[in-house]
Structures are given as structure tokens and as C-alpha cells.
Amino acid sequence: MMPAPPASAPLPVLEVLDDVRGALARNACCLLSASTGAGKTTALPLALLQEPWLKGKRIVMLEPRRIAARRAAQYMAAQLGEEPGETIGYHIRNDRVASPRTRLLVVTEGILTRMIQARPDLDEIALCIFDEFHERSIHGDLALALSLEVREVLRQDLRLLVMSATLETEGLMSVLPDPVLVKSQGRAHPVSVEYRPIPSTAAASAGVFGREVSNVIREEMAKTTGDVLVFLPGAQEIRRTQEALNAWLPGSAYPRTLVAPLHGTLGSIDQDTAVAPSPPDRRKVVLATNIAETSLTIEGITVVIDTGLERLAYFNADTGLDQLDTVILSEQSAQQRRGRAGRTGPGRCVRLWNEARQLPPRRRPEILRSDLTQLVLELALWGTTDPETMAWIDPPPEPAVDASRSLLRLLGALDRDGRITPRGTELANVGLHPRLGHMLLAAV
């Protein structure tokens, strides 16, 4: 379970609870900008469960990442003295823990899209919460656009709450009807920052890169106490860094240190091991991708080591597919990572790049850089042949939409006018990229 906050330290988000309640009571769309550690992911949804406008309906909260969705539900259930599946439940890919008694359901973004497509009036839902919306995944943008259309056409009483530590308020204020902006200060502890560049040539080899990063980890373990969180671009770099550490630890002063990887392809048991508190007599080094940037509080972390890199999907027009590229992270992400060291006490952040390096201010939204085939298919299933008729913060680029339409026509998913076909409906329900879904259906 995630650690409970000290009773003597009320969460900052509760100081603006009345403002959020007031906005939602007036059926306004609410934007909550709340810094890291404010309690927006867990304290606020629980506080809204007694609102009179719920009238027996559910709250659905969107979390961009599966591990965050599952652990947020576990934490909130524990706060009520229950197990997940009672008042609080969750639904992620291939894992649903909920019951007819569930009043707050935490879901990942694709799940909400499926819920809207299956029951467009969302008759069992009173409030949709979009957490950590700054991550701006395609599914997040799509789910918000669909929810806005549901509210406009079918459910004027559907309430929307969008939350993040780093909200792009200007874009959101332009697409949300009757928006109310509420700001809350976080409860961050001081985090000192040190720049310690590693050779740029190290990034060319995962093995060399892993050894360089492990050397920094060793130095920090000797200088500090507590656990260490290391941000690496991908699973390969995590594996090589883990190998280097495991080769060094047996003969070191820290032979009982637990080295725990954390990335999206791990199973839930391994992910839980990485985020669970360390045993009293052991230190822990968590080697994570950007999955650990937001929503998760890993108890005991006093040091963050940030390589300044992440792996993102970019559309390759030559292949017609997304490809993973290793890129320099944004200033927004660097601040999120730094904040991981200050959640439960004073911390330290070591950045493995030169202080003079200029970081891009924000990560480019997926809708502007990724393959849009699945998005176009979902819109066709919704009955929309022209994406420009929907409410987007960043409209999908026309060349990418045209390429997606061409592919879907080739797969038999769209007709000549861009409307969905019976094969397209089958592909949408498979839950895979249309190319892969087409292969599976053809094999059947």
C-alpha cells in the first residue's frame, strides 16, 4: 500500500476543497492546478464522494499509467478501511477490481474511451476526473474530447474535473465550457540540485551508459542515506545499470541493497516491489523510466538521479508506424522528477547533464507526434468523420489524419466517405493497433 500522510500535516488540496466543490455544484468544468504532493490524486476524490449531486452515481478518475491507477485505488480503499473492489475500484487493461458497490472507479485512458463508446450517455457516471493531464497522451486528449461532446449533446449534468501539477491552462480554458480555475500549493520539501555530466559518448552504448550511471549511484550511496530513484530512458538501460550494480554490491558496504526495476512492461508484483517501502534494514535503488515521474509516491526516496533522457514514440512517415526515439526530456519533466525526492522529506537531485543545457519547456503532446490510426478509427466509431468538429487543445495534424484514413480504407475499416464499416467496428473492439487487429482477424 502507499504510505498515508501524517495526521498532523493536512494535505494542501483540502484548503481549496470548497472552491472545487462550489465549481462542481454549479455544474461548471473545473481545472485544478495543484503542485506535487498536494494530495489531488487521492484526498480530493475521496472528499467528493459525499456530494449531493452524485445522486448514487459514480465518479470515474482517469490515470495515464496502469501502476498509478492501481495503487491510487489501493491507497484510497485503505483510507476507508476497505479492500479495492468495495467503495473504491479500478479497471486497467486485463485487470478489473470493482463491484456494484463501487462509487469511485480509477481507470486508464483507453478504458474510459471504451466506456464512452459502449454507453455514450454515461448514465451511471456523475463526474469524470482527468488526473495528471499534462502528460497529454492521445487517449487522454480523445477521452476529454468525447466527454465534452457527451456533455454538450447528451448529458448537460456531466461534471468534468481536470487536474495536474503543470496544467496548460490556456489551451484547456479555451475548450472547456464555463471553466473555473482553482490553484493549490503543494507541500514539497527542499531539494538541492547538483549537475554532474557524464560523457556524452556513453549514451551510444547501453552497457557503457549503465556503468557510468551505476558509478554515480555508488557515489551517492556513500554520501547519503535513504533510497535512490534513478530515471533512465528505457528497459535496456535499466537492465544494464542493474547488472553493473549487482556485480558491485556483494563486495561493497551495501550488500543487502535491493535493486528494483520499474517500467511499464513489468508485471504488477515487480512494480509493487519497486514502489513498496524498503525493509528497515535494507536500502533500495529504483531504476525507473518516466513511469515514475507523476502520481506515484515511493516512500523513502531521498536522492533522485536523472539522466535527462526519455524514450518517446514518434510517427515515421516512411514506415507508417511509430518508432521509439531517445530524446532530451523537457523542463516540465525535469521538475516533476526533481520533486520525487521531496515528497516525504528533504532530498537531493543529481542531474547527469551540463547546467548550461537548454531543455525544451514541455513534452510535445502525443497527438502532434504519433500515429493517429487508432484515433481516427475511434472517431469513426463515434460517428465523426472530420476530427476538426471535435474540441481539441491541439487539433490532430491533417497530414497524419489523411495517412491514417488511407491505411484504414486499405484495411477495410472505413468506406470511401470515411465512415466506419463492420470490419472497422471489429477492429475497434479488438483493442490493438488496427494493423495488428487486422492480422488477428485475418488469421481467424
Would Thr87 and Arg101 satisfy side chain to side chain contact (heavy atoms under 4.5 Å, CB included), going step by step from the backbone distance to the final call? CA-CA 6 Å; Thr87 304; Arg101 302 188 306 278; over 6 Å; no

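- Asp95 and Arg66 are not joined by a salt bridge, as no carboxylate oxygen comes within less than 4.0 angstrom of a charged side-chain nitrogen.
- Between Val162 and Cys29 the shortest side-chain heavy-atom distance does not fall below 4.5 Å.
- In the displayed structure, Glu152 atom CD is contacted under 6.0 Å by at most 12 heavy atoms of other residues, nucleotides or ligands.
- Between the side chains of His433 and Asp322, no donor-acceptor pair is found at a separation under 3.5 Å.
- For Glu331, the salt bridge (Lys or Arg N to Asp or Glu O under 4.0 Å) criterion is met by no residue, not counting sequence neighbours.
- Side chain of Thr421 to main chain of Ala413: a donor-acceptor pair is present (N/O by atom type, distance under 3.5 Å, no hydrogens or angles).
- Counting only heavy atoms from C-beta outward, the side chains of Ser137 and Pro64 never approach each other to under 4.5 Å.
- Residues Leu407 and Val376 form no side-chain contact, since every pair of their non-hydrogen atoms from C-beta on lies 4.5 Å or further apart.
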Arg26 vs Asp178, salt bridge (charged side-chain N to carboxylate O under 4.0 Å, His left out): CA-CA, chis, key distance, verdict: CA-CA 10 Å; Arg26 297 193 303 273; Asp178 191 23; over 6 Å; no

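- At a threshold of 4.5 Å between non-hydrogen side-chain atoms, the residues Cys128 and Leu160 count as touching.
- With a 4.5 Å cut-off on side-chain heavy atoms, Pro434 and Leu408 count as touching.
- Without hydrogens or angle criteria, Arg351 side chain to Val193 main chain gives no donor-acceptor distance under 3.5 Å.
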With side chain to side chain contact (heavy atoms under 4.5 Å, CB included) as the criterion, how do Ile367 and Leu372 come out once you've worked through the C-alpha distance, each side chain's angles and the decisive distance to 0.1 Å? CA-CA 7 Å; Ile367 202 167; Leu372 301 183; 4.3 Å; yes

Which donor-acceptor pairs under 3.5 Å do side chains of residues 46-59 form with protein atoms, sequence neighbours excluded?
unit_1 : atom_1 : unit_2 : atom_2 : d
Glu51  : OE2    : Arg21  : NE     : 3.0
Arg58  : NE     : Thr102 : O      : 2.7
Arg58  : NH2    : Ser99  : O      : 2.9

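- Remark: side-chain polar atoms of Arg159 are paired, donor with acceptor, to backbone N or O of Leu24 under 3.5 angstrom.
- Residues Tyr90 and Glu63 fail the side-chain proximity criterion, which asks for heavy atoms closer than 4.5 Å.
- Considering Arg364, Arg65, Arg362 in turn, Arg65 is the only one that fulfils the salt bridge (charged side-chain N to carboxylate O under 4.0 Å, His left out) rule with Glu135.
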Would Asp272 and Arg71 satisfy salt bridge (charged side-chain N to carboxylate O under 4.0 Å, His left out), going step by step from the backbone distance to the final call? CA-CA 9 Å; Asp272 287 344; Arg71 291 193 65 81; 3.2 Å; yes

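- Residues Ile88 and Gln79 are not in side-chain contact: their nearest non-hydrogen atoms beyond the backbone lie 4.5 Å or more apart.
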Show your working on side chain to side chain contact (heavy atoms under 4.5 Å, CB included) between Leu161 and Leu44 and close with a plain yes or no. CA-CA 11 Å; Leu161 171 60; Leu44 184 62; 3.9 Å; yes

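- Two residues are said to be in side-chain contact when any heavy atoms from C-beta on lie closer than 4.5 Å; Leu17 and Val13 fail this criterion.
- When the options Arg119, Arg103, Arg155 are evaluated for a salt bridge (charged side-chain N to carboxylate O under 4.0 Å, His left out) with Glu124, the one that passes is Arg119.
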Assess the residue pair Lys284 and Thr273 against the criterion (side chain to side chain contact (heavy atoms under 4.5 Å, CB included)); give the C-alpha distance rounded to whole Å, side-chain angles, the decisive distance to 0.1 Å, and a yes or no. CA-CA 10 Å; Lys284 181 171 62 177; Thr273 298; over 6 Å; no

Distance-only donor-acceptor hits, side chain of residues 303-312, under 3.5 Å, sequence neighbours excluded:
unit_1 : atom_1 : unit_2 : atom_2 : d
Asp306 : OD1    : Gly308 : N      : 2.8
Asp306 : OD1    : Arg337 : NH1    : 2.7
Thr307 : OG1    : Phe231 : O      : 2.8
Glu310 : OE1    : Asn290 : ND2    : 3.0
Glu310 : OE1    : Arg363 : NE     : 3.4
Glu310 : OE1    : Arg363 : NH2    : 2.7
Glu310 : OE2    : Arg363 : NE     : 3.2
Arg311 : NE     : Thr326 : OG1    : 2.9
Arg311 : NH1    : Glu237 : OE1    : 3.2
Arg311 : NH2    : Glu237 : OE1    : 3.3
Arg311 : NH2    : Glu237 : OE2    : 2.6
Arg311 : NH2    : Thr326 : OG1    : 3.0

